[in-house]
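Down below is the structure, laid out as C-alpha cells.
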Number of protein chains: 2
Amino acid sequence: MKLTRRKLEIVATAAKLFRKKGYNAVSMRDLAQALEIKAASLYNHINSKQEILGIIILDVAENFTQHMNSVSPENISSIKKLESVIENHIQITIEKTDALACLNNDWMHLEKLDLENYLMMRNTYEAKMRNIIEQGIQQKELQERNIDLVLFSLLSTLRTLHLWYSKNKEVSPQLLFEEMKQNLLHGIIR
Amino acid sequence: MKLTRRKLEIVATAAKLFRKKGYNAVSMRDLAQALEIKAASLYNHINSKQEILGIIILDVAENFTQHMNSVSPENISSIKKLESVIENHIQITIEKTDALACLNNDWMHLEKLDLENYLMMRNTYEAKMRNIIEQGIQQKELQERNIDLVLFSLLSTLRTLHLWYSKNKEVSPQLLFEEMKQNLLHGIIR
DNA sequence: AATTTAAACTAACAATCGTTAGTTTTGTTA
DNA sequence: TAACAAAACTAACGATTGTTAGTTTAAATT
C-alpha cells in the first residue's frame, strides 16, 4: 500500500497518540476518533496497526543511520564528530519529536522484520559512536573512562531530550546545541 | 488488602514482566503463568492490576523522595549534594532495577490518586534538585548555564541508568559511582 | 481429629481489541 | 452526465481483556 498524503496524516496522528499513551494503550478506535473517521475506514489506507508503528520508527532510525554514516569515517577530530552527532540528535528531536518518542518508548513492540531492522540499525549506530569515543580516548582528546558508560551517558540524554524540548519549545536550536555541547562534553562544574 | 509475602512475590514478578513488555502488554494471564497459577487466583491477593502498578511505582518514588529530603537542606556544598543524589540513583538502580524501569516507562498509566501522588512527588523532587543546581551556580561551584537543561541532563542519564546496568551487572557500585560522577559533573573532554 | 483459614481452582461475564466484508457517499475524470 | 475511483460508512467476527462468583484443595490452628 503506497504512502499517500492521507496515509501520512494517519501515521503522524498515530505518532502523536502513541507518544502520549504508548502503542498498546492506543486503540484503532482512538486513532480513528482523532482523525474524525471510523476505525474501519483506516484500513482503506493502512494494512495494520503494526505497519503504522513500523513506518514511524524505521523512518527515524534511518535518519540516525544516515547521519552517522556521513560523519563516521570522516577525517576530523573525535570531538568534532561527537558535536555533529549531538547536533543531529537535537535536529531530529526538534523536527520529529513525536516519532522519536515512539522509537524510544515502543520499539520493543515492533515485530519480525521491522524489529530485526531496527535492532540492526541501533547496534550499528552504537558501535560506530563507540568507535568515535574510543578513537577520542586513544588520541588523548577524551579522558580515560569506561567507554560503554561514556557512550551511555551521552546517548541517554540525547535520546530523551524530546522530554525536555516538548516543554521548552521556545529555545532556539543554536542555543540548545551550545548548552548541550557544554553539558555533555565539558560537564557542569566550574 | 494487606501486603503479605505472596503479594510481594506477585508484585515483584509483575515488575519484571512490566519492565520487559510494558504495563499494557502484560495481561493478568501472563502474570499468572509466570507465577504458575491461574489468573483468577491472583485476586485472592490483589485488588486489581492497577493496584500492582501503584505499589511498584510509589514504593520507588518514596525512596527518591526520602533521600532528597534527607540531603536537601543540609549545610554542605552543592557538589556534595549532587554527588549524594547521584549515589542514591545508582543504589536504587542496582537494588530495584525492575521497579525503577516501571516507574520510568509506565507512570502515565497510573490512575487517580496514585497518579496524583506520583506527580506530586516527582515535581517536588525536581524542584529540590533544581534548587541545588541554582545554589551551586550562585556560589560559583557550577558553571553559568540554563538551569533546567542542566537538571534534565543529569536526570535523564540517572533515570535510565538501569538500561546500562542490566547489561553490565558485573561492575561494582563504587566504580560505577566514581565514573558517573566524572561523566556527569566533569564531562568527558580531557 | 475437627475446624478454620488461605490459596488454589473452574467457569463465565461484559467490554474491548484489531480486523474484514460489503455498502454508500464523495470527488474526479472521460 | 455517465463512469470510475477514493474514501468514508455500518455491521459484525473471533480473540483477548480484567474481573467476579462459586467451589475445591491444602495448610494451619484448636
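- Contact annotation for A:S48: backbone-only contact, meaning every heavy-atom pair under 4.0 Å involves sugar-phosphate atoms and none involves a base.
- Across the protein-nucleic acid pair, B:L31 atom CG and D:dG18 atom C1' stand 12 Å apart, rounded to whole Å.
- In this structure, A:S27 does not reach the C:dT16 phosphate: none of its side-chain N or O atoms is under 4.0 Å from OP1 or OP2.
- Between the A:D30 side chain and the A:V26 main chain, no donor and acceptor come within less than 3.5 Å of each other.
- Atom CD1 in A:I10 sits about 13 Å away from atom P in C:dT19, given to the nearest Å.
- Map B:R29 and B:R6 each onto its nearest nucleotide of DNA chain C; the residue landing nearer the 5' end is B:R6.
- Atom OH in B:Y43 sits about 21 Å away from atom P in C:dA6, given to the nearest Å.
- Between the CD atom of A:E9 and the P atom of D:dA6 there is a distance of 16 Å, given to the nearest Å.
- Using a 4.0 Å cut-off, some side-chain N or O of A:H45 falls inside it from OP1 or OP2 of D:dA8.
- Between B:S72 and B:K81 there is no side-chain heavy-atom pair separated by less than 4.5 Å.
- Between B:L155 and B:Y125, some side-chain heavy-atom pair lies under the 4.5 Å cut-off.
- The NZ atom of A:K2 sits 14 Å away from the C1' atom of D:dA5 (whole-angstrom rounding).
- A close approach under 4.0 Å does occur between a side-chain nitrogen or oxygen of B:S41 and OP1 or OP2 of C:dC9.
- We find that CD1 of B:I46 is positioned 16 Å from C1' of C:dA6, with the value rounded to whole Å.
- Each of A:N44 and A:M28 was assigned the nucleotide of DNA chain C with the nearest heavy atom; the assignment lying further toward the 5' end belongs to A:M28.
- Ion pair B:K16/B:D98 not flagged as a salt bridge, since none of the NZ, NE, NH1 or NH2 atoms sits closer than 4.0 Å to an Asp/Glu carboxylate oxygen.
- At least one side-chain nitrogen or oxygen of A:K49 sits closer than 4.0 Å to the OP1 or OP2 atom of C:dG18.
- The distance from atom CG of A:N24 to atom C1' of D:dG18 is 15 Å, rounded to the nearest whole Å.
- Note on B:E134 versus B:R130: salt bridge recorded, some NZ/NE/NH1/NH2 to OD/OE distance being below 4.0 Å.
- Summarising the geometry, the separation between NZ on B:K38 and P on D:dA21 is reported as 21 Å, rounded to the nearest angstrom.
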